[in-house]
Structure formats: structure tokens, C-alpha cells
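Here's the structure, in C-alpha cells; my notes come after.
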Amino acid sequence: MESSLELTTSLPGTYPPLLRSRIFKIIVIGDSGVGKTCLTYRFCAGKFPDKTEATIGVDFREKVIEINGEKIKVQLWDTAGQERFRKSMVQHYYRNVHAVVFVYDVTNAASFRSLPAWIEECRQHSLGQEVPRILVGNKCDLQHALQVGTELAQKFADSHSMPLFETSAKNPDDNDHVEAIFMTVAHKLKSQKPLMLSQPPGGGGAPPLGKSEEEEEGGWSCNC
Amino acid sequence: MYLKKSKRVGASSPLNGIGKQDWDSRRKRKMGEISQALGVTPVDVAALRRMAISEGGLLTDEMRCRVWPKLLNMNTDNLPDKPAADLRENHKDYHQVLLDVRRSLRRFPPGMPDDQREGLQEELTDIILHVLDRNPQLHYYQGYHDIVVTFLLVLGERLATVLVEKLSTHHLRDFMDPTMDNTKHILNYLMPIIERVNPEVHDFMQQAEVGTIFALSWLITWFGHVLSDFRHVVRLYDFFLACHPLMPIYFAAVIVLHREEEVLDCECDMASVHHLLSQIPQDLPYETLISRAGDLFVQFPPSELAREAAQQNSQQTAASTFKDFELASAQQKPDSVLRRRRKERAETQAQAQAQAQAQAQAMVVARPRAKRLIRLAVMGLTVALGAAALAVVNTALEWAPKLDLQFFP
């Protein structure tokens with residue numbers, strides 16, 4: 001059933017190729033309270049959630065987007081931040097992810113210092129280097145409380161070959177920005193996988209992504 | 001079919017508005033019975049358990065203040081003073097607790113003035129840190145605050161503090177280990193229960209590889225995190241406080257089974273099934289589901305499921321088979337205190353268990369892979385559950401779910 005995640009039809013093999021819609025599965029991780037739920041909610045619902053609570057286990061949100069005329073389902077898996085949930089609970093959801101979003105809170109230096117542990121977490125779940133990762137610094141609207149400067153974050157992102165985005169899920173002006181971040185990931189995935197066919201069965205780790213060279217056009221360039 | 005039929009039963013339940021007069025008189029009678037059970041010396045705890053399980057539960061929060069402590073065998077004559085606030089900031093979990101409590105706005109009644117809610121949030125933080133400080137073996141988990149807030153809102157700070165402490169060292173103990181391995185182990189009971197009743201749903205979920213995390217917040221918050229109507233939450237707490245610590249996982253299974261048609265109509269993939277099941281319907285027929293969860297517990301007691309539960313992971317990852325087996329074996333060893341207590345109570349236990357088993361076996365036609373869920377007469381059920389709960393109150397609560405492996409090797 002590994003390939004079922006890729007298809008919206010429940011009858012793999014019987015659909016005409018044009019009707020298939022691809023699914024991009026993205027896991028969102030980071031310390032408790034950095035705003036993972038707000039970011040994913042902002043992207044999927046287009047607004048900042050009224051009241052959010054602690055995420056217990058894993059929450060799921062999805063949004064259908066269109067890239068170059070192709071409808072793509074973006075699935076966001078929003079995970080609990082508390083450390084005890086990582087070990088035995090969340091691992092199931094690392095399977096077959098196509099991209100990882102690391103989130104820290106720009107007003108909370110500790111959440112930034114935890115990033116290496118989260119990166120290590122990913123490594124332990126045998127996510128290959130080819131799985132795109134991005135770094136998001138959230139709560140940019142709280143400039144007066146800033147604890148993690150852009151320069152430091154950029155340096156860290158560079159050292160891990162990740163693009164950095166600083167944003168605010170709360171600030172309405174940033175609505176497009178949050179959208180743009182996830183769209184950038186989706187573009188990247190689309191360019192990596194010009195044609196995503198069924199994946200090898202039984203693999204516990206991530207599926208091999210497209211073997212073709214990255215298209216510059218769909219790469220990490222971002223104008224935000 | 002059984003499940004469809006019972007949906008109608010739920011819809012026409014007196015609690016849902018029809019037959020109100022009849023329910024009013026039964027409610028009045030039940031209030032009298034609860035008061036009577038409280039009035040005798042010693043308090044008739046078995047009767048209180050039956051009341052907490054049977055239709056409508058304990059009815060009012062005033063009753064809950066009086067009965068909940070009895071269900072936990074607690075004496076509340078001398079309540080300790082309000083915990084000192086100075087221990088707060090130094091606790092290792094302080095920041096996590098604060099973060100979660102601050103975000104728990106939805107747990108408070110809509111329309112409550114901000115300053116009142118903020119005062120309660122302070123008390124919530126105090127209770128949690130007080131219990132954690134006094135019990136260094138307990139570890140805070142996100143969701144614990146959802147349980148504590150329920151006790152705070154019903155009982156007030158002082159009574160909630162002592163009850164939550166007792167509950168944390170008993171019913172919730174497994175969730176508060178340093179790791180969530182035991183929590184995961186308890187979640188492993190879910191699929192075997194579903195399989196017994198509806199193999200088709202079970203197979204569908206297995207094929208979708210949905211896992212059991214959709215039920216994690218249900219289990220570790222006793223549904224406090226996912227139900228928006230506080231009346232439903234306290235009704236379930238009546239039930240869970242009166243029963244075996246594994247009852248919430250039976251209730252989780254019953255919710256999945258109640259939604260069998262939706263599940264089977266869903267696309268067979270992890271995301272779709274997870275998404276469907278994690279969105280819990282708010283109009284569940286609670287009384288019907290409670291009674292059905294009780295039926296399932298009597299028919300398929302934890303002892304019968306323990307082995308399968310221990311093997312759940314091995315189906316997913318072959319590499320962990322041995323580890324899981326070791327884990328399950330390790331859990332079979334009670335410490336010396338429990339061993340002594342067990343000996344003392346072995347006789348009572350055996351009787352109660354045998355009774356429940358015999359009852360279940362007499363009614364169950366063993367036909368594997370076929371749907372089988374037998375309705376028990378409500379009184380029979382509550383008596384059986386009340387007796388079972390009473391019999392295990394000093395042992396199973398302390399090391400559930402390992403008890404059952406021990407008794408049925």
C-alpha cells in the first residue's frame with residue numbers, strides 16, 4: 001500500500017493517467033509552542049487560528065494547490081513538540097515524507113538551539129539527503145522580543161543546505177508569505193519529480209525522489 | 001445489523017430529549033440511590049460504581065464532588081492546604097506546563113470572564129506542578145493538563161489536587177513514565193478489540209496503515225482534549241473513574257466501530273483514515289457507547305487481548321518483535337509489594353474474573369473472523385463491571401495493563 005498515498009483514486013491501476021492527482025506529504029517539526037499548528041492552519045485555511053491548543057500526537061491538514069495546471073494535494077502532518085512524543089509516537093509519520101519543514105520561534109532562542117536535535121531526529125528516521133528541508137523562523141511580527149537574528153539563522157541554514165524563511169503566521173500581511181513558503185516547497189517537489197510513479201514497496205524510509213537533475217527554475221530561489 | 005440498530009437506540013435515549021418525564025423520575029430515583037449509597041457506613045462503593053457507569057452517570061457536579069473521591073477510595077476529610085506557589089518556576093516541566101495551560105482556553109466554559117479564567121489557569125498550573133513536585137517518578141505529558149482542568153472545574157482546587165495526585169499514580173500512571181512506551185502498549189489494545197467485533201473494519205484499517213495515533217489524545221486525556229461539550233467529558237469521567245484503567249481504550253474502539261460505515265467508505269490510505277477518525281463527531285450517542293464499551297470489556301477482557309496487544313508492533317516492524325516480547329515479559333513481573341497484595345487478594349480476584357469470564361464465554365459463540373458483539377443486560381453489565389473494578393482496585397490500578405499477562409500466562 002506504499003503507493004496509495006500517491007493517488008487519490010482508491011483503485012490504483014484502473015485510473016486514466018490524466019485523472020491522477022499527486023500528493024506531497026510534508027512533515028512539520030520543531031519545539032513546542034513555536035507555531036507549527038498556526039503555520040499549517042494558516043496555509044490550509046488561509047487564516048490565523050482563533051485558539052490553538054497543544055498538539056497531542058499528530059494532526060493532519062491538507063490543501064489542494066495548482067501548479068502549472070496540475071492539481072496537487074499538499075498534506076501537512078503537524079506534530080507534537082514535546083520531546084516524549086517524538087520517540088515512540090511520531091515515527092510512523094516520517095514514513096514516505098517528501099519534505100520536512102523545521103520550525104523555530106525567532107523570539108525563543110531555545111527553540112533555535114534545539115534545531116540540531118530535530119535534524120538528528122530526521123536522520124535517525126533515515127530520511128535521505130534528497131528529501132527537501134526548509135527552515136522557518138516564525139513569529140516575526142514580535143520584533144521587540146527578537147532573540148534569534150536573521151544572520152545567525154541564515155548561517156545555520158546554509159551550513160545545513162536549507163533555505164531559510166522568516167515569517168509570521170499571525171500577521172495578516174504575511175498571509176501570502178506563509179502560502180509562498182509552502183508553495184516553494186511544492187514547486188521544488190514538482191520539479192524533483194516530473195513524473196511520480198509508484199514507489200518501491202516495503203521501504204521503511206523515504207522513497208527515492210526524482211533522479212533527474214534539479215531544474216533551476218523550480219529550485220530554492222525565493223523572492224521573499 | 002447491530003451497530004445500525006443501536007444508533008437508533010442512542011438517538012431515542014431519554015437523555016436526548018425524548019421520554020423526558022420518564023427520565024426525570026428515573027433521575028430523581030437515581031439521585032436518591034446515590035445519596036443512600038453515600039449515606040451508609042462504610043460507603044457503598046460498589047453501588048456508587050454502578051451508578052457512575054449506568055445511564056446518566058453521576059448526574060450533577062455536586063454529586064461528582066462527593067462520589068469521585070469514593071471511586072478512588074479516598075478519604076477527603078482532611079484536605080491539605082493550598083499548595084505553595086514557590087515551587088513553580090524551579091520545576092523542570094514548568095515552561096511546558098505554562099505553555100500548555102496558557103493555550104487551554106477552549107477547556108473553559110464559553111462566556112467565562114477573562115479574569116476568572118485566568119485565575120483558574122493559575123490554579124491549574126499550581127495543581128500540575130504540585131503533583132509533579134511531590135512525585136518525581138511522574139513525568140508531565142501534553143494532554144495531562146486537559147485531564148487536570150476537568151477535575152479543577154468540577155471539584156475546585158483543593159479537592160482536585162488530591163484526586164489528581166491519586167489518579168496520576170493509578171489510572172494515569174502509565175502515561176507518566178519517562179517514555180511513552182507503555183502508552184503505546186495500551187494503544188496496541190485498540191486493533192485487537194476492533195478485530196473481535198468487526199474484522200472488516202480492522203482489516204481495512206490495517207491495510208491503510210493508519211496506526212493508532214489518531215486515538216492517542218483520546219486515551220491520554222480521557223477524551224477531554226477532543227470533546228467540546230463539558231457535560232460529555234464529565235459523563236465519561238464518571239464511567240472511567242468507576243472502571244478498569246484500560247476502559248478508555250475500549251471506549252476508543254467503540255467510537256471507531258460506531259463509525260464503521262464512514263471508515264469503510266473512506267479512501268484506504270493513512271491520511272484519509274487518520275483524518276476521518278481524528279475528527280471526533282460531537283453528537284455521539286454517549287450512553288449507548290458507554291454501555292457497549294462495558295459489554296466489550298466483559299466479553300473481551302484485557303487478559304484475552306494482552307498477548308495480541310504485545311504482538312501488535314511485530315506486525316509492523318519485524319525487527320522490534322523480540323524487543324516487544326521482552327517488554328511484555330518484563331511487564332509481567334510485579335514488585336514484591338504487589339506480589340504480596342496479589343496473594344492476599346487472589347481469591348477475590350479469581351472469583352470476579354471467573355465470573356466475568358464465564359459470563360462472557362456463556363454468551364459468546366466462538367466464531368473467529370465473524371462479527372460478534374453480544375449485548376449484556378444493563379444491570380448484569382454494571383454489576384459485573386462494578387465487581388471487577390472493585391476487585392482490581394488495589395492491584396490493577398497500580399500496574400495495569402501488565403496485570404492481565406500475569407494472571408493469564
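Bear in mind that the values here come from a model prediction, so they are computed numbers and not experimental data.
Among all heavy-atom pairs drawn from B/F214 and A/Y93, the shortest one is N-OH, 4.5 Å. Across every non-hydrogen atom of A/G57 and B/L216, the tightest pair is CA-CD2, 3.6 Å. The two atoms that bring B/A271 and A/Q75 nearest to each other are CB-NE2, 3.2 Å, heavy atoms only. Nearest heavy-atom pair, B/Y140 versus A/Q82, reported as atom, atom and distance to 0.1 Å: O-NE2, 2.9 Å.
The side-chain hydrogen bond (donor to acceptor under 3.5 Å, both in side chains) test applied to B/T212 returns no partner, not counting sequence neighbours. Partners of A/F112 according to the ring-ring contact (aromatic ring centres under 6.0 Å, His included) rule, which considers only residues two or more places apart in sequence or in another chain, are A/Y104, A/F156. Qualifying ring-ring contact (aromatic ring centres under 6.0 Å, His included) partners for B/H232, counting only residues two or more places apart in sequence or in other chains: B/Y286.
The shortest distance between side-chain heavy atoms of B/E209 and A/R95 falls below 4.5 Å. Counting heavy atoms from C-beta on, the side chains of A/K25 and B/M270 come closer than 4.5 Å. Side chains of A/E53 and B/D146 form a contact here, defined as non-hydrogen atoms less than 4.5 Å apart.
Contact of B/V210 with chain A is made through the backbone alone, with heavy-atom distances under 4.5 Å. Contacts of B/T179 with chain A are made by backbone atoms alone, with heavy-atom separations under 4.5 Å and no side-chain atom involved. Looking at B/Y144, there are no atoms closer than 4.5 Å to chain A (heavy atoms on both sides), in backbone or side chain.
The distance from the CZ atom of A/F60 to the CG atom of B/L276 is 11.5 Å, given to the nearest 0.5 Å. Atom-to-atom distance recorded for B/S278:OG and A/I56:CD1 is 12.5 Å, nearest 0.5 angstrom.
The number of heavy-atom neighbours closer than 6.0 Å to CD of A/E83, taken from other residues, nucleotides and ligands shown, is 12 or below.
No donor-acceptor distance shorter than 3.5 angstrom exists from the side chain of B/H274 to the backbone of A/D59, with no hydrogens or angles considered.
Looking only at heavy-atom pairs under 4.5 Å with chain A, the residue among B/H225, B/H95, B/M180 that has the most is B/M180.
Residues from residues 96-109 of chain B that place a non-hydrogen atom less than 4.5 Å from a non-hydrogen atom of chain A comprise B/Q96, B/L99, B/D100, B/R103, B/L105, B/R106, B/R107, given in numerical order.
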